[in-house]
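One structure below.
The chains referred to below are lettered A, B, ... by the order of the sequence lines, with proteins before strands, and numbering in each begins at 1. These numbers were taken from a predicted model, which means no experiment stands behind them.
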There are 2 protein chains.
Amino acid sequence: MLESANILRKYGIPVTAQRLALLRAVGARPHATADVLAEAVRAEIGAVSKQAVYNALGTLVEKGLIRRIQPAGSPALYEGRVGDNHHHLICRSCGMTVDVACVVGERPCLNAADHSGFRIDEAEVIFWGTCPSCLEKTEKTGADQAEAGKPQDFLTRPTTP
Amino acid sequence: MLESANILRKYGIPVTAQRLALLRAVGARPHATADVLAEAVRAEIGAVSKQAVYNALGTLVEKGLIRRIQPAGSPALYEGRVGDNHHHLICRSCGMTVDVACVVGERPCLNAADHSGFRIDEAEVIFWGTCPSCLEKTEKTGADQAEAGKPQDFLTRPTTP
DNA sequence: AACAAAAAGTAGACAGAGTCCATTTTTTGA
DNA sequence: TCAAAAAATGGACTCTGTCTACTTTTTGTT
Ligand SMILES: [Mn+2]
Ligand SMILES: [Mn+2]
Ligand SMILES: [Zn+2]
Ligand SMILES: [Zn+2]
């Protein structure tokens, strides 16, 4: 009895090899890109099309089984930790992304001072900064932050501390 | 004595027709895309290359003269209101973007509960929801929000209320 | 005013991330 | 087991944005 298969059935999502592998991949590496996840799936079941990955990620996000975050300058990241409305802290220089508990409470800043008549459904908070290891590097080499923080650094992003 | 020209000089940025027009364009339409701004500049001085626009926006952002925000699923938006660390409230369905004063204070959630050793330099907050006019539309037509919130709606995004 | 050096602008090729679409394969549920 | 519904495939395509070689404009100094 495959655990993930039952989860999918419970949500009325047809069970396919691709989706099962993807679900496991997301669980195993929080904050990974679609591309990285596709590779992980391939390692497990041999092959997947790019489209299958995007479709599956899309429906899983829709159904609330996984979460998508889209930080500026980075492709979208996916994670299995849902429902707790946590936030993210991202290193400008290497892209490392870590979870941050919400400061305010269960559903954080959901009450914007003046909501202008909008019906707000999400308060997305991203903290930007420099991670410990990049801080160290900067101090040692004397490289300035601008240099260390070049966008292409995101390409070889680590996932989790 | 052109106002904007002096601003540029003060920041040590060489004064060009393109940058002057761009600066005015950004001032005139908060939360516009590079593309929209390029059109505005063309209307004023006849022509600009795409690259000049991206370069100019880049240096203006670097020098802190303007601000860039990059909401998920949307091209980058630019605005002249800087230094007050305000946040944004974006309609999922039509992309309308409005400013929101910071709830907490001067520099808001800058203190994440557990900062994991990062040196945090910015707390970016985006509130997502449905704007008044889209709410109305949804209620009238009975169209569900998923329908109303299709991504392509962003292409013809309004800028400000 | 004239001139050289530095900085910007131009046009067009190119890249990354994601979407569209016609067709084939798999899953579902009767 | 079978038909209908849903997914997967793969390849073209779109949208933002970047790179590059080259030309034009600014600047700041004679
Ligand atoms: Mn997370
Ligand atoms: Mn704003
Ligand atoms: Zn780092
Ligand atoms: Zn709206």
### Task
I would like to know whether A:V82 and A:L65 meet side-chain contact (heavy atoms from CB on, under 4.5 Å); could you show each step before the answer?
CA-CA 7 Å; A:V82 294; A:L65 269 167; over 6 Å; no

### Query
Bend across the helix from C:dA1-D:dT30 to C:dA30-D:dT1, to 10°, with axes taken over 5 pairs at each end?
30°

### Summary
Those residues at least two apart in sequence (or on a different chain) that pass side-chain contact (heavy atoms from CB on, under 4.5 Å) with B:Y54 are B:A34, B:K50

### Query
Expressed in angstrom and rounded to an integer, what is the separation of A:Y78 atom OH from C:dG18 atom C1'?
9 Å

### Task
Using a cut-off of strictly less than 4.0 Å between a heavy atom of the residue and any atom of DNA chain C, enumerate the qualifying residues of residues 37-47 of chain A by number.
none

### Message
According to salt bridge (Lys or Arg N to Asp or Glu O under 4.0 Å), does anything in residues 73-82 of chain B pair up with another residue at least two apart or in another chain? List the pairs.
### Response
B:R67-B:E79, B:R81-B:D84, B:R81-B:D99

### Message
Nearest to the B:K50 side chain among D:dA7, C:dA13, D:dA12, which nucleotide is it?
### Response
C:dA13

### Message
Using whole Å, what does the distance between atom P of nucleotide D:dT25 and atom CG of B:L8 come to?
### Response
18 Å

### Task
May I ask you to test the B:V53-B:D35 pair for a side-chain heavy-atom distance under 4.5 Å?
no

### Task
First locate atom OG of B:S116, then atom CE of A:M96, and finally report the distance between them rounded to the nearest 0.5 Å.
7.5 Å

### Task
Kindly write out the residues that satisfy salt bridge (Lys or Arg N to Asp or Glu O under 4.0 Å) with B:E62, not counting sequence neighbours, or none if the list is empty.
none

Return a table of donor-acceptor pairs under 3.5 angstrom between the side chains of residues 10-21 of chain A and protein atoms on other chains or two or more places apart.
residue, atom, partner, partner atom, Å
A:T16, OG1, A:R19, N, 3.1
A:R19, NE, A:P14, O, 3.1
A:R19, NH2, A:P14, O, 3.2

### Query
Got A:C131 and A:C94 here, is their nearest side-chain heavy-atom distance under 4.5 Å?
yes

#### Entry: Between C1' of D:dT27 and CZ of B:R19, the distance in whole Å
12 Å

### Sequence-distant partners of B:E39, side-chain hydrogen bond (donor to acceptor under 3.5 Å, both in side chains), two or more places apart
B:R42

### Task
Could you check how far CD of B:Q18 sits from P of D:dT24, rounded to whole Å?
14 Å

### Task
Figure out the CG/C1' separation between A:L60 and D:dA7, and round it to whole Å.
13 Å

### Task
Taking salt bridge (Lys or Arg N to Asp or Glu O under 4.0 Å) as the test, write out the residues that go with A:E124, two or more places apart.
none

### Query
Nearest-Å distance, NZ (A:K63) to C1' (D:dA7)?
14 Å

### Summary
d(A:H88 NE2, A:L77 CG) to nearest 0.5 Å is 8.0 Å

## Note on the structure
The side-chain hydrogen bond (donor to acceptor under 3.5 Å, both in side chains) partners of A:E44 (sequence neighbours excluded) come to A:R24

### Query
From D:dT16, C:dA17, C:dG9, pick the nucleotide closest to the side chain of B:A52?
C:dG9

### Task
Between protein and nucleotides 21-30 of chain C, map the contacts as a letter string: B base, S sugar-phosphate only, - none, heavy atoms under 4.0 Å, written 5' to 3'.
B-----SS--

### Message
Please classify the nucleic acid contact of B:A76 as base, sugar-phosphate, or nothing, using heavy-atom distances under 4.0 Å.
### Response
sugar-phosphate

### Query
Which whole-number value in Å describes the distance from B:Y54 OH to C:dT10 C1'?
16 Å

#### Entry: Atom-to-atom span, CG of A:L20 to P of D:dA8 - whole angstrom
10 Å

### A:Q70 side-chain N/O to C:dG18 phosphate OP1/OP2 under 4.0 Å
no

